[in-house]
Amino acid sequence: MTEPTLHDVACNDAQGGHRMAYWQWGDAHSAHVVVCVHGLTRQGRDFDVLAQAIVARAGGDVRVVCPDVVGRGRSDWLRDPAFYQVPVYAVDMVALIAQLHGEHPIDTLDYVGTSMGGLIGFVLAGHKELPLPRPIRRFVANDVGPTVEPAAIQRIGAYVGKSGQFPSVQAAADAMWALSTTFGPHTPEQWRALSQHMVVPASERSADGAAKTSSAGPVGEGAWVLHYDPAIGVPLRAITPEIAAQGGAVMWSLYDAIEARTLLTRGAASDLLSPETAAAMTQRGPRATLVEFEGVGHAPTFVDPAQVAVVTNFLFD
């Protein structure tokens with residue numbers, strides 16, 4: 001299986017609802033589901049390499065689901081950008097998992113979350129009142145903790161939603177690389193593969209922001225724009241030190257309630273997940289196992305075979 005299938009789930013909100021797209025790999029009838037959720041400006045195709053490795057490791061008996069969080073990729077854009085917040089995203093994931101369970105019952109539920117996806121995972125794994133069909137069994141938090149470093153928030157907020165248009169996919173890839181060197185070494189082919197799903201032809205953007213390209217991804221050249229709502233950065237830029245402290249306290253309480261076996265992966269040079277926060281996560285709550293990747297900042301992409309092996313070994317050992 002070299003390409004995933006594209007699906008969607010209807011999600012409720014205060015403004016009439018929205019649609020969240022998701023990419024599915026593996027056996028749609030498998031009782032073992034692995035949900036992989038991306039970072040702030042990314043989308044579900046970030047996990048292509050990892051998803052295929054998970055399927056291979058499971059001998060095909062797994063369903064890997066990689067959503068495009070609302071406002072990104074093939075999902076709708078929200079009418080009010082103030083709702084681009086982790087609680088909204090977590091409710092959407094509950095709806096997604098409920099739909100998956102309704103299609104084919106889930107016996108084993110695992111979760112992989114990068115950066116923002118990890119924060120969403122803290123809610124899903126730590127909030128005991130959420131109506132999940134199964135508790136999360138194994139949880140991978142990729143380069144994120146309950147405390148997020150203010151400098152990283154400022155760095156990311158400085159560029160989110162300010163990219164404009166690009167004359168080609170390669171030009172977009174080059175511009176994204178200038179902002180993403182902390183992802184660590186990638187070959188040109190690896191970076192092109194990660195980048196091609198991050199853009200969409202400007203002419204094929206619908207009025208609400210959802211793309212109308214084929215499931216094979218954008219092809220050809222022309223005017224290209226990044227595949228997310230520029231307004232996703234609005235709540236981020238509104239974060240004050242006081243709001244950050246309050247949010248961190250809530251996230252620590254959720255983290256401390258997690259019972260899933262937890263793996264914490266960290267770029268050794270990360271500016272978002274500090275060594276002190278990572279160390280604390282190994283000592284409290286689920287007492288995460290920490291694995292650091294040298295030569296990488298925020299955040300590991302799970303493209304490198306060594307990074308992929310860490311995750312697949314954790315999920316299947």
Considering only distance and modelled atom types, tabulate donor-acceptor pairs under 3.5 Å from the side chains of residues 289-297, sequence neighbours left out.
unit_1, atom_1, unit_2, atom_2, d
Glu292, OE2, Arg266, NH1, 2.7

Subject >> By salt bridge (Lys or Arg N to Asp or Glu O under 4.0 Å) - contacts of Arg237 (at least two apart) >> reply: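 Partners of Arg237 by the salt bridge (Lys or Arg N to Asp or Glu O under 4.0 Å) criterion come out as none, since no residue qualifies.
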Original post:
What residues, two or more places apart in sequence or in another chain, satisfy salt bridge (Lys or Arg N to Asp or Glu O under 4.0 Å) together with Glu149?
Top reply: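 With neighbours one apart ignored, the set is empty.
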Subject >> Flag if over 12 foreign heavy atoms under 6.0 Å of CD, Glu103 >> reply: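 Result for CD/Glu103: enclosed.
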Original post:
Is it the case that more than 12 heavy atoms not belonging to Asn12 sit under 6.0 Å from its CG atom?
Top reply: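 At most 12 heavy atoms, drawn from other residues, nucleotides or ligands, come within 6.0 Å of this atom.
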Subject >> Within one Ile-Leu-Val-Met-Phe-Trp-Tyr cluster: Val234 and Val148, side-chain cutoff 4.5 Å >> reply: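 Per the 4.5 Å side-chain linkage, Val234 and Val148 are not co-clustered.
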Subject >> Verify same cluster id: Val91, Leu132 (apolar side-chain graph, 4.5 Å) >> reply: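 No, Val91 and Leu132 fall in different hydrophobic clusters.
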Should [X] and [Y] count as an ion pair when the cut-off is N to O under 4.0 Å?
{"X": "Asp317", "Y": "Arg57", "value": "no"}
{"X": "Asp229", "Y": "Arg72", "value": "no"}
{"X": "Arg19", "Y": "Asp76", "value": "yes"}
{"X": "Arg138", "Y": "Asp110", "value": "no"}
{"X": "Glu3", "Y": "Arg45", "value": "yes"}

**OP:** Give the C-alpha distance, both sets of side-chain angles, the deciding distance and a yes or no for side-chain contact (heavy atoms from CB on, under 4.5 Å) between Leu119 and Val144.
**Re:** CA-CA 7 Å; Leu119 296 177; Val144 69; 3.7 Å; yes
Given 3.5 Å as the limit, does a donor-acceptor pair link the side chain of [X] with the main chain of [Y], or not?
{"X": "Thr187", "Y": "Gln190", "value": "yes"}
{"X": "Lys128", "Y": "Ala257", "value": "yes"}
{"X": "Asn313", "Y": "Phe316", "value": "no"}
{"X": "Thr277", "Y": "Ser274", "value": "no"}
{"X": "Thr240", "Y": "Ile243", "value": "yes"}
{"X": "His38", "Y": "Cys36", "value": "no"}
{"X": "Ser75", "Y": "Gly71", "value": "no"}

Nearest-0.5 Å distance, [atom1] of residue [X] to [atom2] of residue [Y]:
{"X": "Cys66", "Y": "Trp25", "atom1": "SG", "atom2": "CH2", "result": "8.0 Å"}
{"X": "Met198", "Y": "Leu226", "atom1": "CE", "atom2": "CG", "result": "5.5 Å"}
{"X": "Ile239", "Y": "Ile153", "atom1": "CD1", "atom2": "CD1", "result": "4.5 Å"}
{"X": "Arg261", "Y": "Leu315", "atom1": "CZ", "atom2": "CG", "result": "9.5 Å"}
{"X": "Thr282", "Y": "Arg287", "atom1": "OG1", "atom2": "CZ", "result": "8.0 Å"}
{"X": "His32", "Y": "Ile54", "atom1": "NE2", "atom2": "CD1", "result": "8.0 Å"}

Original post:
Applying the side-chain contact (heavy atoms from CB on, under 4.5 Å) test to Arg63, which of Val35, Leu100, Asp27 qualifies?
Top reply: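 Testing Arg63 for a side-chain contact (heavy atoms from CB on, under 4.5 Å) against Val35, Leu100, Asp27 leaves exactly one candidate, Leu100.
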Original post:
Among Val311, Leu109, Val62, which one satisfies side-chain contact (heavy atoms from CB on, under 4.5 Å) with Val34?
Top reply: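 Filter result, single survivor: Val62.
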Kindly indicate whether the side chain of [X], heavy atoms from C-beta on, has any atom under 4.5 Å from the side chain of [Y].
{"X": "Leu236", "Y": "Ile156", "result": "yes"}
{"X": "Leu124", "Y": "Val94", "result": "yes"}
{"X": "Tyr22", "Y": "Leu6", "result": "no"}
{"X": "Thr108", "Y": "Val33", "result": "no"}
{"X": "Trp224", "Y": "Pro167", "result": "no"}
{"X": "Leu194", "Y": "His186", "result": "yes"}
{"X": "Ser195", "Y": "Gln170", "result": "no"}
{"X": "Leu40", "Y": "Arg42", "result": "no"}

Original post:
Quick one: do the Gln52 and Asp48 side chains pair a donor with an acceptor below 3.5 Å?
Top reply: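 Side-chain D/A pair, Gln52 to Asp48: absent.
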Original post:
Which ring pair (Phe, Tyr, Trp, His ring centres under 6.0 Å) pairs, counting each pair once, include a residue from residues 101-131, with sequence neighbours left out?
Top reply: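 Matches after skipping sequence neighbours: His29-His104, Tyr111-Phe139, Phe122-Phe139, Phe122-Tyr255.
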Minimum heavy-atom separation for [X] and [Y], please, with both atom names.
{"X": "Thr262", "Y": "Phe314", "result": "C-CZ, 3.8 Å"}
{"X": "Leu273", "Y": "Thr265", "result": "CD2-O, 4.4 Å"}
{"X": "Val123", "Y": "Met251", "result": "CG2-CE, 4.1 Å"}
{"X": "Ser115", "Y": "Leu272", "result": "OG-CD1, 4.2 Å"}
{"X": "Val65", "Y": "Gln24", "result": "CG2-OE1, 4.1 Å"}
{"X": "Asp143", "Y": "Ala299", "result": "CB-CB, 3.9 Å"}

**OP:** With sequence neighbours left out, write down each residue that passes ring-ring contact (aromatic ring centres under 6.0 Å, His included) with Tyr89, or none if nothing qualifies.
**Re:**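 In terms of ring-ring contact (aromatic ring centres under 6.0 Å, His included), with neighbours along the sequence ignored, Tyr89 is linked to no residue.
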Original post:
Can you name the ring-ring contact (aromatic ring centres under 6.0 Å, His included) partners of Tyr159, sequence neighbours left out?
Top reply: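 By the ring-ring contact (aromatic ring centres under 6.0 Å, His included) rule, Tyr159 matches no residue at all.
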Original post:
Do Phe83 and His18 have their ring centres less than 6.0 Å from each other?
Top reply: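 They do not qualify: ring centres at least 6.0 Å apart.
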Subject >> Derivation and outcome, side-chain hydrogen bond (donor to acceptor under 3.5 Å, both in side chains), residues Tyr228 and Asp68 >> reply: CA-CA 10 Å; Tyr228 66 79; Asp68 289 347; over 6 Å; no
Original post:
Does the side-chain contact (heavy atoms from CB on, under 4.5 Å) test come out yes or no for Trp23 and Arg74, once each step is laid out?
Top reply: CA-CA 10 Å; Trp23 303 92; Arg74 305 302 176 83; 3.8 Å; yes
Original post:
Please walk me through it: do Thr147 and Trp252 pass side-chain hydrogen bond (donor to acceptor under 3.5 Å, both in side chains)?
Top reply: CA-CA 8 Å; Thr147 298; Trp252 274 115; 2.8 Å; yes
